[in-house]
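In what follows, chains are A, B, ... by sequence order, proteins preceding strands, each numbered from 1. Values below: all heavy atoms of this structure, side chains included; hydrogens, waters and symmetry mates excluded.
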Protein chains: 2
Amino acid sequence: MAEMREPTFLILTALAEGRKHGYALIAEASALSGGRVTLKVGTLYAALERLQEQELVAAAGEEVIDGRLRRYYKLTDAGAHELADEVARLERNAQQARRRLHGRGVAIAGAGA
Amino acid sequence: MAEMREPTFLILTALAEGRKHGYALIAEASALSGGRVTLKVGTLYAALERLQEQELVAAAGEEVIDGRLRRYYKLTDAGAHELADEVARLERNAQQARRRLHGRGVAIAGAGA
DNA sequence: CAACAATACTCTGCTCGCCGATATATATCG
DNA sequence: CGATATATATCGGCGAGCAGAGTATTGTTG
């Protein structure tokens with residue numbers, strides 16, 4: 001499959017932990033990225049629709065909490081595999097660049113354990 | 001800086017090794033990605049222009065080999081640092097997703113040493 | 001030697017994911 | 001009662017990349 005963008009990647013990663021509702025993913029993505037990424041609502045709901053079409057994510061029920069509707073989503077098995085492929089791609093690319101930067105004497109910021 | 005796309009990342013990684021001319025980067029990117037990515041010429045030259053504006057890449061002379069012009073490019077120090085930042089980002093994201101997938105019992109394809 | 005592939009750079013139209021902003025509705029807090 | 005937070009939805013626009021065609025030269029091959 002084609003390259004995955006960071007917001008999409010973070011949504012899938014967030015859902016890998018378990019069932020979550022749309023809005024909650026904004027906080028999740030922020031946490032996952034160490035506050036670097038703030039999902040825009042437009043991006044979020046468009047991505048969820050797209051990922052459902054691709055069957056990487058599935059609806060997982062609705063609940064009304066405090067009078068507010070929550071739509072839940074979960075990662076499908078296909079979604080988990082797609083995410084695993086993406087992780088492999090990221091790691092491979094990072095490793096290649098790491099080698100060359102090292103050969104050039106450039107240090108890479110620690111991923112912080 | 002904003003998210004870097006794969007073609008851009010591969011161009012910078014290729015140039016981290018040393019001075020190269022435009023067309024040669026197509027083969028380099030293919031090799032770096034294990035044949036997965038074939039840079040489109042339009043993408044390549046547009047990216048080189050953009051990266052020069054951002055001063056991540058600089059022109060490194062022209063040569064005529066066998067009657068054909070070659071424009072050479074090199075990575076700037078700023079480009080090397082930007083690439084290092086990107087590597088850190090990729091590794092961090094990969095690690096986060098790896099944990100969650102592991103917790104879900106999903107295996108990740110080995111990066112192949 | 002004419003046709004074709006390969007090298008090398010340029011340009012244009014288009015798509016797709018994301019951004020920025022706005023809208024709607026309800027609950028809570030001061 | 002007004003402001004803020006939660007929660008979902010929609011719309012215009014942008015930028016990187018894709019697809020494809022174009023120009024020019026050299027090397028190959030039938």
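- Look at T8(A) and you won't find any side-chain N or O under 4.0 angstrom from OP1 or OP2 of dG17(C).
- Side-chain polar atoms of S33(B) and R92(A) form no donor-acceptor pair below 3.5 angstrom.
- Residue contacts shown for G42(A) include a base, since a base heavy atom lies under 4.0 Å away.
- For R68(A) against dT6(D), a side-chain N or O and a base N or O form a donor-acceptor pair under 3.5 Å.
- Both I11(A) and Y45(A) are part of a single hydrophobic cluster, where members link through side-chain heavy atoms under 4.5 Å apart.
- The side chain of R50(B) lies closest to dG17(D) when the candidates are dG17(D), dT8(D), dC19(C).
- Side-chain nitrogen and oxygen atoms of Y45(A) include at least one within less than 4.0 Å of the OP1 or OP2 phosphate oxygen of dT8(D).
- The CZ atom of R99(B) sits 11.5 Å away from the CD atom of E17(A) when rounded to the nearest 0.5 Å.
- Checking dT26(D), dT8(D), dA16(D) against every side-chain atom of V41(A), the shortest atom distance belongs to dT8(D).
- Of the candidate nucleotides dT10(C), dC19(C), dC18(D), dC18(D) has the atom lying nearest to any side-chain atom of K40(B).
- Within the 4.0 Å cut-off from OP1 or OP2 of dG17(C), not a single side-chain nitrogen or oxygen of T43(A) is found.
- Look at R5(B) and you won't find any side-chain N or O under 4.0 angstrom from OP1 or OP2 of dG17(C).
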